[in-house]
Structures are given as structure tokens and as C-alpha cells.
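Accompanying notes for the structure given below.
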Amino acid sequence: MNRTFSKLALWAFLALLVALFLGYFITRVLPDYLPAGRAVPPRLGDLVFYACAAATVAGAAGVAFSRNIVWSCIGLLIALLGTAALYVFLSADFLAVAQLLVYIGGVLVLILFAVMLTNRIGEVNVSNQSLGLGGGLAVFAAVAPLLMLVAVLVPWPVRPPGPMAPTTARIGDEFLSTWLLPFEVASVVLLATLVGAVVMARKELKAD
Amino acid sequence: MHLTLTHFLVVGALLFALGLVTVVTRRNAVGILMGVELILNGTNVNLAAFNHYVVGGVSGQVFALFVIVLAAAEAAVGLAIVLTIFQSFRSIDVRLADTMRE
Amino acid sequence: MEHAAHQAAHQLGPVLFERVSYLWLIPLFPLIGATINALFGLKLQRAYGKKVIHTVAVAAMVLSLLTALYAFQQMLGLPADHRFLQDTRWNLLTAGRVTVDLGFALDQLSMMMVLIITFIGTLIHVFSIGYMADEQPYWRFFAWLNLFVFSMLLLVMGDNFAMMFFGWEGVGLCSYLLIAYYYTDPEKAAAGMKAFVVNRFGDFGFLAGLLMLFWGMGGAWTARDDMRGGTYVPLPALNATAGATTAAQSVALAPVIDGVMVGPTLNFRELRDQIVIEKTGVKKHLQEQQLWGFTLLALIGVLLFVGAMGKSAQLPLYVWLPDAMAGPTPVSALIHAATMVTAGVYMVARLNFLFALSPTAMAWVALIGTLTAVFAASIGFFQYDIKKVLAYSTVSQLGFMFIGVGVGAYWAGVYHLLTHAFFKATLFLGSGSVILGCHHEQDMRKMGGLKKFMPTTHWTYLVACIAIAGFPVANGFYSKDEILWKAFTSEHLTLFGFHTPWLGAAIYLAGIVAATGTSFYMFRSYYMTFTGEYRGGQGHGDHGHDDHGAHAAPVAAAHATAGHGGHGHDDHGHAAPAHDDHGHGHAVPAHAAAHDDHGHGGHHGGGTPHESPRTITWVLATLAIGSVLTLFLGLPALWTHRPPALEHWLEPVLLAEVPFASKPHSWEWIFQGLGVLAGTVGWVFARWLYKDGKSTIPATLQKKYEGAWTVVYNKYYVDELYDATVIRPSVFLARFLSWFDGHVIDWLVNFAGWITRIFANIDGAIDKYLVDGAVNAVAAVTIESGRALRKVQTGRIQTYLYGALAGGLAVVLLNFLIR
């Protein structure tokens, strides 16, 4: 376990280095060697976006294809982190923070607990055997190109984005004015979830 | 090449597709739940992107927050169900939990 | 005078009537009495004795009589053209144009009938107290007698045909019940059945005539145009089938011409208005209709008269009436003399406006009446049973009544009805008194000399005999004479489409012969019963009312030796083939013992006849006085120069215009003289032959004309004729049909059953193998496909997801492709 984790950390570190190098290289070195006006030189922010996007997709791929459930968890962690970073690019700071808090701090921990409670972690092969990998790839091949094609081909009615600005206050206003009813309903849902989860978990404990 | 809406949509699409693959291929119930989280994340990316590039304001983010809330709730309930299934079948292999078939 | 009356009839408008609300009480009281006695009679009789029973019955009759008298008094207070009391209680039935109300109506005619029924009915109830005192089912008798009065009142008071028919059937039922009162005796029960069955033939005719009349009143019933013609154009609204469910709707449907509702109706008053008021065109419409080549009106008249034939015992349906003497004597007096049998006469008189339209129908009525009068009188000549004599006399007198209403002298027929009700009730009750006095002996050969034993009975019987024989001191003369005179002067009768003015004279001749015969047989019965020596022994301990067993001569001899008290058996040599004899083979001690059982309330001692109790004699006296007093109702115009009181009274009702030849007054005097002469001739012969039972001429004559005598004595073998022509073929037909049913029909049915069974088996096989097979195949296919499809349902979420994704993708792709 320890070894695995250190190996993962090492790989992540190396990946980060490579990404930084690539970013530097592409933004600072390469433009000088390119003929001027041929292409817009990528900016640092863009490169960071690409890195984050790559990490996100890589994490998601890890979730999808990892044979060990724990690796899947770690892939999910990476994907969630990357998504949070992407939110920052979209001027959604509160969303990013909420992603970190709720997903990584809550959901992921919960999932890890579930993994640990339900699996004999040691038996790696048994724990996360995939099922019909061919089918999965077929699904991927069918869905991903389609969605990407839509994303690229559709002429979205884009308007120039405003400047980056903190949104927390506005979100609070919106929650307590326009979206008050859904907000309250969401709280009721959370309460029901709380009660339901406790009831089910208690049952399990009692049965134990 | 500056960032455009399309970039984010592609990332969201990939997250969604990979989540879907996870859900479809996993035998482990927890794995399936993870896939669901991925799908929801892909959606959230789309919501935030459209909010930023098309709609303006914060309503897209509010939607994304609701999704996060519901995802958390779903995760809690789902994992409780997983625990119950494990309690019943001594396993969380979804292929075993097919007693409602007949 | 007649023509003047007819001219007046032309101008008659609708009947003006007075609404009252108590007429329903008149029939109600007897109904209550009947109900009480029928439901609780047995218990009351056991608990409180017979007194309660007859108190209830007589009280009901008296109340009814008082109510009728009140109505009479009210009617007298009204102007003559306004004397019509109408009491409509509620609507019983409405179907299209048929409306039947529970309505009672009293006009002058039905008023008279109601008074006769309630008055004579009350008297006969009182008479029955004494007469029926020995009978155990006392309550039954009075219950049925009251029920009869109720039905009879319904018959005469009902303001429509339906009510009348209800009463008509009701009296038939009561007649049956009362004739078969001694139902333990099979012969008497059979007599009841005979009356009922014979009446059924008549009722069939009545109903057919009624329906035909209703049909004829409707205009637009039939599509056959040749049924109508002339100027009378029937309105579509006459359609009797037009829908109406309430009386108000039905009335609204009726078209009104000149203030009179026209169209099919069951109501007498409406019918009369429609026909009498010529502007409505109904009369013309009816006259012009033909059916099966006959005039419709003639058919209606003849069919209605067939009903009257059955009820009023006319040829050839009279046969039930002599047999009906099996019932107790008060029943014979009330039902079979005074009231029920006159229902036919009443009906013809009630519908006089209808009969007057058809000379053919009237001629048939008169002709049948004449034949009956002569025929029945001749049978009466040689009967020995006193009640049988009276029965044939009744048939004969009913014939006279039909002569009256047949030739158009409606009031005379009705008047004869009234006088006959009085004197025939007197005669019957007198005979009842005699029978009672002679210990239920009915054979006149066993009577004789009763004059000194039963003075009151004797006098009343004599008065009634004088009345029926037609001497001017009592009522019979006036009605009979008027009938015969009108018959002689009638000249409008038509037979088979030929005008027959001679028919009136022929009827007169036959009638005068019948009148002579009437006088003869009535005085014969009087002399045989009341004069001479008492011929009955006293050994009649048994209650054999009609014990006409053919006893051998030695028995009679033994009986003669048993006589005492100086009244020996006067065997006057009747060696008749069917010698009516009694079981007097009793030894004296046995006879005495039996007599104690029999005891008429201690009214008699030993074997001698005795006068009847007071309830009986007073009734007899009342009726005899009535027989005399009612003559003042019919004093002829010839004597007083004004119309007879009853004719005047009935004139608004009996308004049919019938032409009579006008003859000089001297003729009328002569004919009255002839009538008296006829009575005298009959009386003289009867006195000569039968006074005191001394003459031997009857026996000699009888020996000489043995054959003819036998034929007449046996009532011309009419019953045997019926037996041979109707009953035997019926029975044979019934047997044949029974055989046919048992062998052919049953075989057919079984064959059909067999065929059916075979088909059923085939069908069953088809069902089992073909249909069931198909059904099972469907089921099997379903099961198998389900089993196959179940594999798709893996229970694995992923599999489903594949499906969902495939579907979603397909939708998206289709979206692209179609665009």
C-alpha cells in the first residue's frame, strides 16, 4: 500500500514536471522559433488549462479502466481536482471551492470508506474486475465522438465573456431570492438522505 | 488559440463518456457509483461553461451547485445501499444482486 | 208519441252530470262484509255463533241500501236531464287511448238496478238467516253472497266497460262458488263448473264484441281504405296506439269535435255522447264499417249478445241455469232470478243507442229471446222438481226480457226485469220456504196440501203466480203486455239483410203461447204444492236435497208403511222412468233419531210440514207486496194518458230511436185482453188437471203420449245433445291430443333432444380439440416467448443501460439523419 502510494506520488510529480516543462517550452521558447503571424502563440493560461484538462481526462480514464478499485478512487480524485481547476477557468470560484469541499472532502472520503468496508482490499484482482471491456470501449466509441462532434460543430451563440470576478455573493443572493424554493427542497432532500442513510446503515450494523 | 467554449465542452464530453464506460463495465457497485460521479462532473463542467460563455450571470453555477448537492446525497444513499447489499450477499458484485429478475 | 220522443233524442247534447263522491261506498259495504266474513268468518262463527256472521252481512247490505237510497233522493232533486251522478275515484290504467278509471256512475237505469240489487239483496240476506241456519259453513255462504252483491253493484255502477267486465266476471265467479256451495257433492260441484264453463263461452263473445267496438271507434288504426268511406274523415289522433301514459295525456290526445271527445273509449257516457250527437260523425263512421262482409255494428251487437246469452241463460247457452239450482235456494233467488241473470238484459239496455243502430242485431236478440221463452216454458210443463220449474220459468222470462230489448221496447224489457225480480224472488223464496218446511224435499209429488201448514208462504206464492201469469192485479201483466204489444208493432227488424216486418207478429204469437204456458206451469206448481193432501211421508231424516236416486218400488212400499199421523204416502201412480224418489227406507226409530240431528231450531215436530220462521215469512210478504205495488210503475199510457212512470223516468237513458207502427187504441185494448185470456187459459187448464191432485187425466195423457212426454221431461235431451256434440268430441279430442302429445309430440321432442345431443357432442369435440387447442396454443406460445424473453431481463443494471444507451443514440442519429 505504502509502496503503491509512493509510486503514485512519484508518477504524479514527474507528470507535473513534464507538464511544467512543456508549458514553459511551448509558451516561452517555441514562439521565438516560429514564423511570426503564422499562429497565435499559446498563452500560459491556456497551457495550464490543457494540463488540467489532460489530468482530468486521465483521471477519468483511470477510473474507467483501472483494475484496482483503489486506483479508481485515486483517478477519481485527480479527475475531481482537475474539474475544480477547470471551474476556476470558468470564473466559478465558489463552485470550485464547493467541488473541493463536497466532492473531495465528502463524497470521495465516503467512497473510500465504502471500499474499505466492503472489499478485501488485498485481493486486487477480485476487487475491481471489469466486465465486458469490449462493450465499454464500444460505448466510449459511440458516445465520445458524438458528443465531441456536437461540441465542435454546433455554432453556439457565444457572447464575449465578462471579466473574472468573485461570484460567491451573487450566488448567495440568487439562492435566497430566485432559487429559494429549490434551495429549500434541496435541504429537504439532504435531510431525507441523512435519515435514509442512517436508517440503512443502522440496519447493517444491527445485522452485524 | 484562446480558450473557447468548445474546449470545455470537449472535456465535459470526455468525462461523461468515461463515466458512462465506468458505469457500464464495472462489476463493483462502488465503481459504478464512481462512474456516476464522473458523469455528473462532466455535466457540471458543461453547466459552468455555458454559464460563462453563453448565458452570463450565475444561474448555471447555481445549477451546478444543486447537482453537487444531489450528487452528495446520491452518493450517501448509494453507498448505504451498497453496504446493505454487501450485508445481504457478502459481496458487492452487481451480477449477484439479481434476485429481482424473476 | 214514440216519434216525438225520437225527435227529442235528436237534439240531445252531452250528458250533463253531477259529480259526487260517495257512490263508491255502495259497493264498498258488501265488500267489507265479504272480507270480514271470508277472513274471520270461521273464527267468529266458532267464537260468537252464527249471529255475528249474518249481522255483519245484513248490516253491510242495509248500509249499502241506505247509501243507494240517499243517491236516489239526491237524483230526484236534480232536473230530469241532469240526473247522472258521476264518481271517479282514480285512474286504473292508461295505455294510449285506453283509459280505465275506477269510476262509478248512476243514471236512471243503473239507479233502478242498484235499488233492485240492494233492496232484494237485503231481503234475501234476511231470508238466508232462517234458511241457512242449519248449514255449518254459514260464514262461507254469507261471505260469498256479499261478494256477489259487490260484484253485481260493480257491474251496474261501473262507468266503463272494464269495470262492467270486472263485475261481469265477479258475478260469474260468485255464481260458481255459490252453486257449488255443497261442494262435497260431486254433482253439485259439477253444476258449478258447468255454469262457469258455459259462461265462459258467453264471456268470449262479450269480450270479442267489446274489442271490436273499441277497434271500430278508432279511425286511423288500419291502412285499409275500403273499411271507411263517405264524408267522415278520421283524424290521425284517433289512433288508439298513440302514446300516452297518464289519463291527462290520454285526454289531451283525443280530438274534440263540437265539444265532444271522439275516438276509442271504454267509457259508457263518452260512448253515448259520441254516438248520440250526430255532428261528431262517429255514428256514421260506425254504420259504414264492414268486417268480413258483415256490418260491423251487427257483428258487435251479436257478439255482445252472445255475452248476454251466457250470462242471461238464453238459447243455446241456457243449460247451466237449471243445473244451477243445485245451489241453496236464496242463491237461486238472488243470483239466478233477480239480479245476475238479468245482467245481459241490463247490458243491452245500457247500450241501447248502439243496438238501435243495427236492426239485424236487434232482430237476433228478439228472435233468440222468443225461442228461449217458448222452449223453456215447454220444458217447465212437466218438471217435478219445484226449483227446476222455477229455473225454466226464469229462462223463459229472460227470453221475454230479450224480446223487449230486442224489438226496441227497452223500457218494457227493463220493466219486466224489475217485475220479474220481485215475483221470481217471491216464487224462489217461497219454494225455499216450502222446501224447508218439507224437510228439504224438492219433488212436488211429495208435497201437496201445504196451504194449511204454511199460510203465509201459500199466499205469497199465489200472488207471485198471479203476477207471472199476467193478471192485471199484479205487476207481471203490465210488463209482459207492453213487451208483446211492442213486439207486435215493431216493423224495423232485419234478418240476414232482409227487412222482416212480419217478424214482430211472429214473435207476438210465440210470446202469447209462451205466456199461456207460463201461466199453466206456474199454476200447476201452485196446485201440486199447496192444494190437496200432503203426500210426503216424514221419513226424510237425511239431508238429501236432491237425492234423486232411482229407488225400486219395494222401497216406496216400505216407506208407505212407515207413515203415521194420517198422512199416508199417496202413490198416484207415477211409474216414470226416472222416478224421483227419496231414500225413505228408514225404520221409524232410526228416522226419529235422524230427525233430532236435523232439527230446524225446533220449528217442527214429527214429520209434518211447518211454516218457516219469521225472517222468511216477512221477507216473502214484503216481496209479494212489492210484486203488487210495482205495477204502478208501469200503468200503460192507454189507461192514464201519460207515459208509464218508469218509461218517463228512464227516458233520458233509453233514448234509442226505434220506429214502431202506430195502431189504433182499440187494438191495444184487444191485445191486453188477449194477454189476460192467455193467463186465464193456462190457469184453467192447470186447475182442471192438478187441483188437489185428484185428476187422473195427467197420468192418462202421459201414458198416451209417452214418447213426447219423455222427450219434454228430459228437457228435449239438450244436455245429452251437448254431451254428444260438444262434450264428447271435446273429450275425444282431448284424449286424442293427449295420445298425440304422448306419442307424437314426445317422440318429436325426444328426437329433437337426441339430435341436439349429437350436435352437442360434436360441438363439444370441436370445443375441446379445436377451440381449447387454439386457446392452449396461444397460452403455450405466450409461456414460451415469455420464457425466451425472460432471458433479456437479466437483473443486471448494465444490460439495461446498454439498451437505454442504444435507444438514446438511435434517437440522436435519427435526429441527424432526418434533418
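Per chain, numbering begins at 1; letters A, B, ... match sequence-line order.
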For this session: Please lay out, stage by stage, how A:L137 and B:V21 fare under the test side-chain contact (heavy atoms from CB on, under 4.5 Å).
Result: CA-CA 7 Å; A:L137 285 175; B:V21 170; over 6 Å; no

For this session: Indicate whether the side chain of B:S59 and that of A:E174 have a donor and an acceptor atom separated by less than 3.5 Å.
Result: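 Looking only at side-chain atoms, A:E174 and B:S59 do not form any donor-acceptor pair under 3.5 Å.
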
Exercise. Do we see a donor-acceptor contact under 3.5 Å between the side chains of A:Q99 and B:N44?
Worked result: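 No, no side-chain donor-acceptor pair sits under 3.5 Å.
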
Given a strict heavy-atom distance threshold of 4.5 Å, which part of [X] is in contact with chain B: side chain, backbone, both, or neither?
X      : result
A:L76  : side chain
A:V102 : side chain
A:L190 : side chain
A:F113 : neither

Taking every non-hydrogen pair under 4.5 Å, which of [options] racks up the most with chain B?
options                      : result
A:A138, A:S91, A:A53         : A:S91
A:A79, A:G59, A:P182, A:A192 : A:P182
A:C73, A:G82, A:A98          : A:C73

Minimum heavy-atom separation for [X] to [Y], with atom names?
X      : Y      : answer
B:A48  : A:L95  : CB-CD2, 4.0 Å
A:R159 : B:G56  : NH2-CA, 2.9 Å
A:T83  : B:N41  : CG2-OD1, 3.5 Å
B:A17  : A:V143 : CB-CG1, 4.3 Å
A:Y103 : B:E37  : CE2-OE1, 2.8 Å
B:A75  : A:V107 : CB-CG1, 3.8 Å

Quick one: pull up [atom1] in [X] and [atom2] in [Y] and give me the separation to the nearest 0.5 Å.
X      : Y      : atom1 : atom2 : value
A:F175 : B:F66  : CZ    : CZ    : 4.5 Å
B:M34  : A:L77  : CE    : CG    : 11.0 Å
B:L14  : A:F140 : CG    : CZ    : 5.5 Å
B:E74  : A:T193 : CD    : OG1   : 10.0 Å
A:S72  : B:L38  : OG    : CG    : 9.5 Å
A:L90  : B:F8   : CG    : CZ    : 4.0 Å

Could you check which of [options] has the highest count of heavy-atom pairs closer than 4.5 Å to chain A?
options                  : value
B:L9, B:T22, B:L18       : B:L18
B:L33, B:L5, B:N51, B:T4 : B:L5
B:V45, B:V62, B:V77      : B:V62

For this session: Take the angle between the ring planes of B:F50 and A:W156 and call it parallel below 30°, perpendicular above 60°, tilted in between.
Result: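 B:F50 and A:W156: perpendicular rings.
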
If I measure from the heavy atoms of chain A, does [X] come under 4.5 Å with its side chain, its backbone, both, or neither?
X     : answer
B:V23 : neither
B:I81 : both
B:L65 : both

Exercise. Can you check whether A:V189 reaches B:V69 side chain to side chain, under 4.5 Å on heavy atoms?
Worked result: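 Heavy-atom side-chain distance check fails, nothing below 4.5 Å.
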
For this session: May I have the step-by-step check of side-chain contact (heavy atoms from CB on, under 4.5 Å) for A:F94 and B:V58, ending in yes or no?
Result: CA-CA 10 Å; A:F94 183 76; B:V58 293; over 6 Å; no

For this session: Dump the intermediate steps for side-chain contact (heavy atoms from CB on, under 4.5 Å) on B:H7 and A:Y50, then the final yes or no.
Result: CA-CA 9 Å; B:H7 291 83; A:Y50 286 125; 3.1 Å; yes

